[in-house]
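Every chain is numbered from 1, with letters handed out A, B, ... down the list of sequences.
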2 protein chains.
Amino acid sequence: MEEKDFLQSLGYIGFATRLKRISDSFLHDGRKLYKELGLDIEPNWYIIFKILKLEKKLSVTEIAERVQMSHPSVITLTDNMIAAGYVKTRRGRVDGRVRMLELTRKAKIRLPELEKMWDAGEVALETAFRDINGLEVIGEIERRMNHKGFKDRAMHELQKRVNRSTKHKKA
Amino acid sequence: MEEKDFLQSLGYIGFATRLKRISDSFLHDGRKLYKELGLDIEPNWYIIFKILKLEKKLSVTEIAERVQMSHPSVITLTDNMIAAGYVKTRRGRVDGRVRMLELTRKAKIRLPELEKMWDAGEVALETAFRDINGLEVIGEIERRMNHKGFKDRAMHELQKRVNRSTKHKKA
DNA sequence: TACATTTGTGTAGTTAACTACGTAATATGG
DNA sequence: CCATATTACGTAGTTAACTACACAAATGTA
C-alpha cells in the first residue's frame, strides 16, 4: 500500500537521512511562510531573537554555547541580522576581544508581530504531533545519542558479533 | 535540572533545528565510523548501494524518484561513487538521454562487508529507540507533514486567530 | 514532417551547518 | 615582567541538500 518511499523500507539505516529531509522541508516551508507574510526575516533568526530577548546582551561565544551551535554559525546568523538592522554589536569594555550582541529598537518593535507568528507555528505543531508526543520523542533521542553516540553504539554491536563468532570457534 | 539546552526550552519552534542537529550528528558519527573501520565509503552511499542492489540498473531520474531526492543530489552522490569505483554508468540504448547506473564488481564484492556494518547500525538504533518507537514516530511525522505542510498549518492557525478577533469586534 | 513540448541530464549558484586555522587580546607563571 | 598559554572572534574551505536554468533527445501534434 504505502510502498512509495524506498528510505522508509530501509528501517533505521535511513533514519538520519529522513530526519534531515523533514528538517529541510520545515526550513523550506518556514521560508515560504515568512515570504507570504511579507516579513523580511529568515527562518533561523528566531533563535537569536529569542535568546537576546531573554538575556538582553550576550557575546558570540555565549550565544554559541547556549544554543549549542558553533560560533561561526552564530556569526553568520547575526551578521545577516545586523545587515537587516535587527541586531547591534558593541565591543566588550572590560575584554577587548569579545563582541556583545543585542537587539535593536527595530527588532523590539517587530518582536510582538513575530511572536504572534511563532506562537501560531508552535500551536500548529503542538496540535499536529500531540498524540505522538513528537517533542518528547525527539528530546529522548537527543538525550540518548548525547549519552552514547551512533558510532559507539554501532561499534559495540559489531563487537558483540565478533565476540559471538569467536566463542563459536572456541566451542 | 536539565535546563542546559536553550532550544529545548523553546518547544516546537526549535523542532526543525533540533532534527537537523540530530541528523548532522548521525552523519558526523557515521563518517567517523567508516573511517575507524578503514572503509573508503561515505555515509549516504548506502542509499545507492541498497537501491542498485535491489534493482540492478536504474537511471538518474528513477533513483531520484525512488529515494525522494533531487536529481542533482543523485548525480553528486553517484559521481563520487563512480570515482571510487563502486558504480558504473551506461548510456540508455533506446533513449539516448538517459544514463543507467549499476553497481560494479568491486561494489558487489564489498557489499557483504558493508551490509554487516549497516546491520550492526540498524540493530544498535533499533535497540536504542525500540521503547519510544522512534521509527514509527518519524514515519508519522513524515506522513502528516506530507499531507499538510508546516506553512499551511501555521497559516491556518494564524487565520483562526484573525477570525477570533474579528468575531470579538463584531460581538 | 516541421515545430512545440516534454523529459532526462548536467551545471551553477544558494543555504546552513560544520571543522580547521589564523590573529589579537588577555591571563598565567616562573 | 616577559614568554607562553588560553580565549574570543574571524575567515576559509567542506558537505549535503536544494532550486533554477541550460541543453539535447524524444515525443506529440497540426
Side-chain angles (χ1 to χ4, degrees), chain A residues 7 14 16-32 34-35 41-48 57-83 87 89-101, chain B residues 7 14 16-32 34-35 41-48 57-83 87 89-101:
Chain A
L7 273 188
T17 310
R18 286 164 69 192
L19 289 181
K20 177 151 205 307
R21 227 159 53 175
I22 297 170
S23 108
D24 280 349
S25 105
F26 271 106
L27 196 74
H28 185 228
D29 250 39
R31 198 180 298 284
K32 282 200 297 185
Y34 286 123
K35 203 169 187 178
I41 74 162
E42 284 173 34
N44 279 345
W45 291 4
Y46 77 90
I47 299 173
I48 308 297
K57 248 187 266 274
L58 286 174
S59 75
V60 172
T61 306
E62 282 166 344
I63 292 178
E65 278 164 4
R66 290 290 303 271
V67 308
Q68 305 210 141
M69 277 186 175
S70 68
H71 80 269
S73 300
V74 172
I75 291 176
T76 309
L77 263 179
T78 51
D79 276 356
N80 292 333
M81 292 178 73
I82 289 168
V87 167
T89 229
R90 191 165 52 237
R91 220 71 219 188
R93 284 171 198 175
V94 264
D95 187 335
R97 291 168 304 176
V98 317
R99 187 160 65 95
M100 301 304 289
L101 300 165
Chain B
L7 272 187
T17 311
R18 287 165 69 190
L19 290 181
K20 179 150 204 304
R21 229 160 50 176
I22 297 171
S23 110
D24 281 349
S25 107
F26 271 106
L27 197 73
H28 186 228
D29 250 39
R31 199 180 296 284
K32 283 200 297 186
Y34 286 124
K35 203 170 187 176
I41 75 163
E42 284 172 35
N44 278 345
W45 291 4
Y46 76 91
I47 299 173
I48 308 297
K57 250 188 267 272
L58 286 175
S59 73
V60 173
T61 305
E62 280 166 347
I63 294 178
E65 277 165 3
R66 289 291 300 273
V67 308
Q68 306 210 143
M69 276 185 173
S70 69
H71 82 269
S73 300
V74 173
I75 291 176
T76 310
L77 262 180
T78 52
D79 277 355
N80 293 333
M81 294 179 73
I82 288 167
V87 166
T89 229
R90 193 165 53 238
R91 219 72 220 190
R93 284 169 197 177
V94 264
D95 187 334
R97 291 168 305 175
V98 318
R99 187 161 64 97
M100 301 305 289
L101 299 165

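The phosphate of D:dA17 (OP1 or OP2) has a side-chain N or O of B:Asn44 nearer than 4.0 angstrom. Not one side-chain nitrogen or oxygen of A:Ser70 sits closer than 4.0 Å to the OP1 or OP2 atom of C:dA17. Taking only side-chain nitrogens and oxygens, A:Thr76 never comes nearer than 4.0 Å to OP1 or OP2 of C:dA16. Checking the phosphate oxygens (OP1, OP2) of D:dA16, a side-chain nitrogen or oxygen of B:Arg31 falls inside 4.0 Å.
In this structure, the nucleotide among D:dA17, C:dA17, C:dT9 sitting nearest to the side chain of B:Arg91 is C:dT9.
Nucleic acid contact for A:Val74: none, since no nucleic acid atom lies under 4.0 Å from a heavy atom of the residue.
Following rounding to the nearest Å, A:Asp79 (CG) and C:dT15 (P) show an atom-to-atom distance of 14 Å. Atom OH of A:Tyr34 and atom P of C:dT15 are 16 Å apart (whole Å). Rounding to whole angstrom units, CG of residue A:Leu19 and P of D:dA17 are separated by 13 Å. With rounding to whole Å, A:Arg21 atom CZ is found 19 Å from C:dA16 atom C1'.
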Show your reasoning for whether side-chain contact (heavy atoms from CB on, under 4.5 Å) applies to B:Arg91 and B:Arg99.
CA-CA 5 Å; B:Arg91 219 72 220 190; B:Arg99 187 161 64 97; 4.0 Å; yes
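With sequence neighbours left out, B:Lys35 forms a side-chain contact (heavy atoms from CB on, under 4.5 Å) with no residue at all. Residues passing the side-chain contact (heavy atoms from CB on, under 4.5 Å) test with B:Arg97, sequence neighbours excluded: B:Asp95. The side-chain contact (heavy atoms from CB on, under 4.5 Å) check on A:Ser59 picks up A:Thr61, A:Glu62, A:Val98, A:Met100, with sequence neighbours excluded. In this structure B:Ser70 satisfies the side-chain contact (heavy atoms from CB on, under 4.5 Å) test together with B:Pro72, B:Ser73, sequence neighbours excluded.
Map A:Arg93 and A:Ser73 each onto its nearest nucleotide of DNA chain C; the residue landing nearer the 5' end is A:Ser73. Nearer to the 5' terminus of DNA chain D, by closest-nucleotide assignment, is the contact made by A:Ile75 (compared with the other of A:Ile75 and A:His28).
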Can you tabulate the close N/O pairs, meaning under 3.5 Å, that link protein atoms to atoms of nucleotides 20-22 of chain C?
none

Is there any protein nitrogen or oxygen under 3.5 Å from a nitrogen or oxygen in nucleotides 1-8 of chain D, and what are the pairs?
unit_1	atom_1	unit_2	atom_2	d
D:dT7	O2	A:Arg97	NH1	2.5

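Distance check: A:Thr76 OG1 to A:His71 NE2 gives 9.5 Å after rounding to the nearest 0.5 Å.
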